[in-house]
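Only this structure's heavy atoms are used, side chains among them; waters, hydrogens and symmetry mates stay out.
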Amino acid sequence: AIPCFQILADHSPPAQRTLFYYVLGELYAALDNDPEAKRHFALATLESAPVPDSFVKLALLHMKSDLPEALEVLLRAEQVVPGNPAVLFLLGDVHSLQGRYADAIAVYERMLSVLAESDRERLTSTFYLHYGGACERAGQMEKAESTFEKCLDQHPDASAILNYLAYMWAEKGIKLDKAEQYVTRALKREPDNGAYVDTLGWIYFKQNRYPEALDKIRRANDLIKGDAVVADHLGDVLNALKEQDKAVSCWKQSYLLDPGNKGVADKLQSRGIDVGQLRKEAPKAGQGGK
């Protein structure tokens, strides 16, 4: 198919050439030939009547390894096809991935502003997950909560949203009964999701239900091999159960998986562990981990 569409692209007027470049990009992407896919999607964006999705597909390819380039593509798309919801959604995602959560929120809200009310009702739970997640990471907890709750009004079985809200509340130590209800709903749909099991265990921990917390977080640790957060949680539960040596062992595992976690480092240092030396051991320990 590629040689056929290449001939069409080479011998067609600009208005049609755009579409053929786009199709060529799709074909190369299907063959996992990212360099040629990027080249042809880029060519499709340079013509006088670009296919809006060519910007989206090009940005998605760059997002695998080059966020600044993806951002440049999307900002250019904003000039050429302003207000395109798919472009805005990806632009918000790139801002979030680069830690610019306030910018991401502004883009997601602009996306809402350009959609008619009927279109907003068709927004997927994925949009709300990214939008609410940016709000939470920006410290705008009330906005995050209202965003997630609005999503659940439209998508009551959105497991990822139910879990996100439940974990957010658990981290704050608030609305724990409601958090338990939400994550239990998520687990009915995905009973072997380790992240959801960990959330339920963490809620139990916050409710001082330590034996139940231990059971759930141990299961989460089995379901998600080598997760720094789950290992940290397991250490906290064991510590609450007065199993100090096991707790320290779990915190060490967590720290080796994520040496940048200051909270875990503080726990280890308070128990006389040299985290500097432990950090030096991280590569070796990683080779023997789960």
Side-chain angles (χ1 to χ4, degrees), residues 64 93 96-97 99 101 125-126 129-130 132-134 136-137 144 148 158-173 176 179-180 182-207 209-241 243-271 273 275 277-290:
K64 294 180 181 180
D93 281 0
S96 281
L97 288 169
Y101 301 116
S125 60
T126 300
L129 182 65
H130 291 212
E136 185 263 336
R137 289 179 174 87
F148 290 139
S159 301
I161 299 291
L162 289 165
N163 177 69
Y164 203 124
L165 251 180
Y167 188 75
M168 191 173 80
W169 286 332
E171 281 286 88
K172 295 291 183 182
L176 295 177
E180 183 180 351
Y182 274 23
V183 77
T184 298
R185 282 166 55 187
L187 282 165
K188 284 181 180 178
R189 296 180 64 83
E190 300 180 48
D192 294 324
N193 187 306
Y196 301 174
V197 175
D198 175 68
T199 295
L200 182 57
W202 196 233
I203 292 167
Y204 288 157
F205 174 79
K206 293 287 185 169
Q207 294 172 325
R209 296 159 64 181
Y210 300 134
E212 293 167 277
L214 181 62
D215 176 65
K216 294 300 180 185
I217 296 178
R218 272 182 170 162
R219 181 163 182 262
N221 198 44
D222 289 337
L223 289 168
I224 312 174
K225 303 297 185 183
D227 186 275
V229 173
V230 175
D232 180 27
H233 287 172
L234 187 54
D236 286 356
V237 175
L238 289 164
N239 182 60
L241 290 168
E243 298 190 39
Q244 304 295 330
D245 291 343
K246 291 181 180 178
V248 169
S249 177
C250 287
W251 288 330
K252 283 182 177 180
Q253 180 192 17
S254 177
Y255 186 75
L256 292 173
L257 291 165
D258 180 14
N261 190 318
K262 186 177 184 302
V264 176
D266 290 343
K267 293 172 194 175
L268 290 169
Q269 288 176 323
S270 70
R271 286 154 179 82
I273 304 300
V275 295
Q277 182 60 36
L278 192 61
R279 185 190 289 266
K280 293 177 183 177
E281 297 171 5
K284 184 197 299 186
Q287 292 172 7
K290 294 182 181 180

NZ (Lys206) with more than 12 external heavy atoms under 6.0 Å: yes
field: Close side-chain approach of Asp227 to Leu257, heavy-atom, < 4.5 Å
entry: no
query: Would you say Asp198 and Lys216 make side-chain contact, with heavy atoms under 4.5 Å?
result: no
Exercise: identify the closest heavy-atom pair between Ala170 and Leu176: CA-CD2, 3.8 Å
- request: Any chance you could measure Phe148, atom CZ, to Tyr182, atom OH, to the nearest 0.5 Å?
  value: 12.0 Å
field: Salt-bridge present (Asp222, Arg218; N to O < 4.0 Å)
entry: no
query: Do Asp266 and Gln269 have side-chain heavy atoms sitting under 4.5 Å apart?
result: yes
query: Heavy atoms, side chains only, cut-off 4.5 Å: are Asp236 and Asp232 in contact?
result: yes
- prompt: So how far is it from Leu187 CG to Asn163 CG, rounded to the nearest 0.5 Å?
  reply: 7.5 Å
message: Please find the pair of heavy atoms, one from Cys250 and one from Leu238, that lie closest to each other, and give the distance.
response: SG-CD1, 3.7 Å
statement: Distance col, row Arg185:CZ vs Ile161:CD1, nearest 0.5 angstrom, shows 11.5 Å
Residue pair Phe205 / Ala240: nearest heavy atoms and the distance that separates them: CE1-CB, 4.0 Å
message: Using a 6.0 Å cut-off, check whether atom CG of Asp245 has over 12 heavy atoms from anything other than its own residue.
response: no
field: Minimum heavy-atom distance between Glu190 and Ser159, given as atom pair plus value
entry: OE2-CB, 3.4 Å
- request: Output the distance between atom CD (Gln253) and atom CG (Asp258), rounded to the nearest 0.5 Å.
  value: 12.0 Å
- request: With side-chain contact (heavy atoms from CB on, under 4.5 Å) as the test, would you mind laying out the steps for Asp192 and Arg219 before giving the verdict?
  value: CA-CA 9 Å; Asp192 294 324; Arg219 181 163 182 262; 2.5 Å; yes
statement: Nearest heavy-atom contact between Asn221 and Leu234 is ND2-CD2, 3.9 Å
query: In Å, rounded to the nearest 0.5 Å, how long is the span from CG of Leu241 to OH of Tyr210?
result: 8.0 Å
Residue pair Trp251, Asn239: steps toward the side-chain contact (heavy atoms from CB on, under 4.5 Å) verdict: CA-CA 10 Å; Trp251 288 330; Asn239 182 60; 3.7 Å; yes
- prompt: Is there a donor-acceptor pair closer than 3.5 Å between any side-chain N or O of Arg271 and the backbone N or O of Lys267?
  reply: yes
task: Measure the spacing between CD1 of Ile203 and CD of Glu212 and express it to the nearest 0.5 Å.
output: 12.0 Å
query: For the residue pair Trp202 and Ile217, what are the closest heavy atoms and their distance?
result: N-CD1, 4.0 Å
field: Tyr101 side chain near Glu136 side chain, heavy-atom distance below 4.5 Å
entry: no
query: Do Thr126 and His130 come close enough that some side-chain heavy atom pair is under 4.5 Å?
result: yes
